[in-house]
Number of protein chains: 2
Amino acid sequence: MENGIRFVALVFPGITQLDLTGPLQVFAQLPGAVVDVAWHRIEPIATDGGFSILPSTTFDTAPQADVLLVPGGQGAFELMADEAALEFVRRQGSRARYVTSVCTGAFVLGAAGLLRGRRATTHWASHSMLSMLGAIPVQARVVQDGDLITGGGITSGIDFGLVVAAELFGADAAKRVQLSMEYDPRPPFDAGSPTAPDVDRGMVDALPAIMRERREPLVRAAAARLA
Amino acid sequence: MENGIRFVALVFPGITQLDLTGPLQVFAQLPGAVVDVAWHRIEPIATDGGFSILPSTTFDTAPQADVLLVPGGQGAFELMADEAALEFVRRQGSRARYVTSVCTGAFVLGAAGLLRGRRATTHWASHSMLSMLGAIPVQARVVQDGDLITGGGITSGIDFGLVVAAELFGADAAKRVQLSMEYDPRPPFDAGSPTAPDVDRGMVDALPAIMRERREPLVRAAAARLA
C-alpha cells in the first residue's frame, strides 16, 4: 500500500469519455491517490457523452505522473500530429513509473515512440493498425509489458484500472475498490467482443474497414514522422 | 429503432462520476440520441474523478426528457433536501417515458416521491435504507418496474444502460453498442459484490454501517418531508 501516487491523464477534443472516466473511478478511490487531467489549456473539452470536461491542469503545469494515462477516441488520432501533446507524453512517460493507455490511446503512445518493440493492445476495430507504430499487438483485454500497461476498447478501462490498482497497491486494495464500485458485471447480452456468440456479424465485418479508412492515413503519417 | 430520443441526466456536487458517465457512453451512441446534463446553473461541477463536468443545460431550460437519469454519490443525499432539484425531477419524471437512476440516485427519486410502492435497487451498501422512502427494495443489478428502471452500484450503470437501450431501440441496437464499447468484462478478481467469493469480508461488514451513519439522517428527513 502506497500513499501519494500521482495519476495524470490526458483529455482532448474527440475523446471517448469512458476511456478516461472508467479508470479514473478506480484510481481516485485508491488511498492517497491524486488525480489530474491535462490539456493544452484549462478550457471545457466537449466529450461524446453530452457534457464537457474541464481539465485540472495543463501540459506546461502538470505535476510529474507516477502513472500516465492516455485515453482514446477519434481525437487520439488527431493528437498523433500534435507535437506539444506528444512531447508532454514523452516527457511524462520518461519519468513515470507506469505508462498506460486505454482503447485507441495506445496510438498516441505509439506516435510518441513509446511502443517500439513493446507488447500492447487497443480497441478491437483498430487493432490491426497498431503494428504500424512499431508495437507488438496482443489480443487481450489488458496487456502488461514491464512498465507499459494497455487496455482494450472503452469498457476495458475498468478491468485495466483494477489491474493497475493491484500492481501499485496490491490485490487486496484493488478488491476493495472493486466492491465499492459493485463491479460484478452482468451484461444483458453476450455481444461485447468480435468472437462473442451473440455479436452483430455485420458490424464485426464492417467496423474495422470504417476505422481503417478514417484513421489509417493519420497512423501512416505518424509512423513516417517516427521513422 | 427510434430517432430523436432525448436523454436528460442530472449532475451535482458530490456525484459519483461513473454513475453518470457509464450510462451516457451507452446512450450517446444510440441512433438519433440527444443527451443533456442538467444542474441549477451552467458552472463546473467537481466530481470524485479529478476533473469537473460542465452541464449542458439547467433545470429551468432543459428540454423534456424521454429518459430521465439520476446518478448517485454522497451528493445525491444532499440533493434530497434541494426542493428545486426535486421539483425538476418530479416535473421531468411526470412526462418522461422512463424514469431511471443508477446507484444512490434512487434516493433522489425516492425523495421526489417517485418510488412509492415501486420495485427498485441501489448500491449494495445503502440498499437497506431504500424502503424508508416507500420503495420495494430488490436485490438485483438492474430492476425494471414498468417505466421505472433502476441500477445498482456505480459500474452497474453500464449493464443498466444496455437494458435501457434494448428497451428503447431493441436488442440488436443494444448489442451493437455493446460491441462498439467492447463490453466483454474480465474483472481481474471476483470481488465485486457482497456475496462474491473473493470479497473483503471486513468491508462487507463495515461499509453499510458507515453509509448508514452518514446518510440515514438525510434519508429520514426526506421521508418526513414526503409524509
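A, B, ... follow the sequence lines: proteins, then strands. Residue 1 opens every chain.
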Can you tell if the side chain of [X] reaches within under 4.5 Å of the side chain of [Y], non-hydrogen atoms only?
X: B:Val102; Y: B:Pro23; answer: yes
X: A:Thr58; Y: A:Ile42; answer: yes
X: B:Leu148; Y: B:Leu109; answer: yes

Report which part of [X] has an atom under 4.5 Å of a heavy atom belonging to chain B: side chain, backbone, both, or neither.
X: A:Ala171; answer: both
X: A:Val204; answer: both
X: A:Thr47; answer: neither
X: A:Arg141; answer: side chain
X: A:Leu162; answer: both
X: A:Pro194; answer: both
X: A:Val37; answer: both
X: A:Pro55; answer: neither
X: A:Thr57; answer: neither

Contact part of B:Ile158 toward chain A, heavy-atom cut-off under 4.5 Å: side chain, backbone, both or neither?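 Side chain only.
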Go through the atoms of B:Val163 and report whether side chain, backbone, both or neither lie under 4.5 Å from a heavy atom of chain A.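 Contact with chain A involves both backbone and side-chain atoms of B:Val163.
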Derivation and outcome, side-chain hydrogen bond (donor to acceptor under 3.5 Å, both in side chains), residues B:His127 and B:Thr121: CA-CA 7 Å; B:His127 209 277; B:Thr121 191; 3.3 Å; yes
Got a sec: does the CD of A:Glu43 have more than 12 other heavy atoms crowding it under 6.0 Å? yes
Best-contacting candidate, B:Ala46, B:Pro185, B:Ala196, B:Gly152, against chain A by heavy atom pairs under 4.5 angstrom: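 Looking at each option in turn, the highest pair count goes to B:Pro185.
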Report yes or no: do B:Gln29 and B:Arg176 form a side-chain donor-acceptor pair below 3.5 Å? no
Between A:Gln178 (side chain only) and B:Phe189 (backbone N and O only), is there a donor and an acceptor less than 3.5 Å apart?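 Between the backbone of B:Phe189 and the side chain of A:Gln178 there is a qualifying donor-acceptor contact (under 3.5 Å).
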